[in-house]
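Remarks on the structure that follows.
All heavy atoms count here, side chains included; hydrogens, waters and symmetry mates do not. As the structure lists them, so they are numbered: ligands from 1, and atoms in each ligand from 1.
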Amino acid sequence: MTAIPAIATVIPAAGVGKRMKADKPKQYLPLCGLTVLEQTLHRLKQVPALQQFYLALSPDDPYFPDLPLAADRQIQRVDGGSERANSVLNALIQIDAQQYPWVLVHDAARPVVRVSDIELLIQCCLQNEQGGILATPVRDTMKLATAENTVKQTVDRTTLWHAYTPQLFPTVLLREALQRALAQGVAITDEASAMEWAGWPVQLVQGHSDNIKITQAEDLALATFYLEHSV
Ligand SMILES: Nc1ccn([C@@H]2O[C@H](COP(=O)(O)OP(=O)(O)OP(=O)(O)O)[C@@H](O)[C@H]2O)c(=O)n1
Ligand SMILES: C[C@](O)(CO)[C@H](O)COP(=O)(O)O
């Protein structure tokens, strides 16, 4: 077993949840007696290596101060940005990379992540000294579409994976990669895409597909099922 150092955690939670079409951002919707954000923090806090949490919130977020989490001294609030990548970068800038050489980034909107999968990701990355992400191989037959939405061809699925969070990288490398990629206008949908763009290897660590992202209304019912059946 590799010795695990303290790891900083960034939680992007500054989105508005357009696709959810609710009366508040999805991270504040109720899920099994807590908010989505609280469920996510509850999972992350069960991992002993995760010690300091940088929570990126909209600067005018009116909901967070009412949660008990607001009094949690392990949580540092930072201002979110216009896109997810800007929110993550704002948090990375606050982290002392000497104290926390590795940083784990996890969406507030993924409340069902398994503690054992987070621990597996940490173990694989530290053991191989290489950043990585939780992911699962695609299961269905995959099609490449034409502009007219007809099938151009069937794609080899053996090399295709779904990318999830958490994603774990050396703090300095991720900060530099994100800064440079954003400055050059590269489209960055997750941390791995910045690291790939900068030329760093990214491991795929197989997790579980119940690590869903709450995106649309029906996802809440599925997350409720998974939480109630305590995966
Ligand atoms: N400017 C942004 C946009 C998103 N996020 C966060 O990034 C995670 C994943 O983003 P997504 O699911 O796209 O959330 P939203 O942007 O809120 O959703 P939508 O695209 O439907 O508006 C969420 O925890 C969200 O709060 C963020 O911190 N800052
Ligand atoms: C980071 C992410 O959750 C990985 O699956 C995802 O990229 C978030 O953004 P999306 O636009 O909802 O895919």
Contact atoms of ligand 2, heavy-atom distance to Asp190 under 4.0 Å: 1 (C)
Contact atoms of ligand 2, heavy-atom distance to Arg84 under 4.0 Å: 1 (C)
Hphob cluster co-occupancy, Leu168 + Ile118, side-chain heavy atoms under 4.5 angstrom: yes
Common cluster, Ile75/Val103, ILVMFWY with side-chain heavy-atom separation under 4.5 Å: no
Under a 4.5 Å cut-off applied to non-hydrogen side-chain atoms, are [X] and [Y] in contact?
X	Y	result
Val10	Val78	no
Thr141	Arg157	yes
Ile133	Tyr164	no
Leu227	Arg43	yes

Cluster companions of Leu34 among Ile, Leu, Val, Met, Phe, Trp, Tyr (side-chain spacing under 4.5 Å): none
Protein contact of atom 4 (C) of ligand 2 - nearest heavy atom, named by residue and atom, plus distance: Ala163 O, 3.4 Å
Protein contact to atom 13 (O) of ligand 2 [nearest heavy atom, distance to 0.1 Å]: Lys213 CE, 4.4 Å
Can an N or O of [X] be found at a distance shorter than 3.5 Å from an N or O of ligand 2?
X	result
Thr165	no
Thr189	yes
Tyr164	no

So, does [X] sit close enough to ligand 2 that a heavy atom of it is under 4.0 Å from the ligand?
X	answer
Arg19	yes
Asp107	yes
His162	no
Glu191	no

Under 4.0 Å from ligand 1 - residues by heavy atom, chain and number: Pro12, Ala13, Ala14, Gly15, Val16, Gly17, Lys18, Arg19, Lys26, Gln27, Gly81, Ser82, Glu83, Arg84, Ser87, Asp107, Ala108, Ala109, Lys213
Lys/Arg-Asp/Glu bridge criterion (N-O < 4.0 Å) met for Arg84, Glu191: yes
Basic-acidic side-chain contact under 4.0 Å: Asp72, Lys45: yes
Heavy-atom closest pair, residues Ala198 and Ala177: CB-CB, 3.8 Å
From CD (Glu83) to CD1 (Ile188), nearest 0.5 Å: 11.5 Å
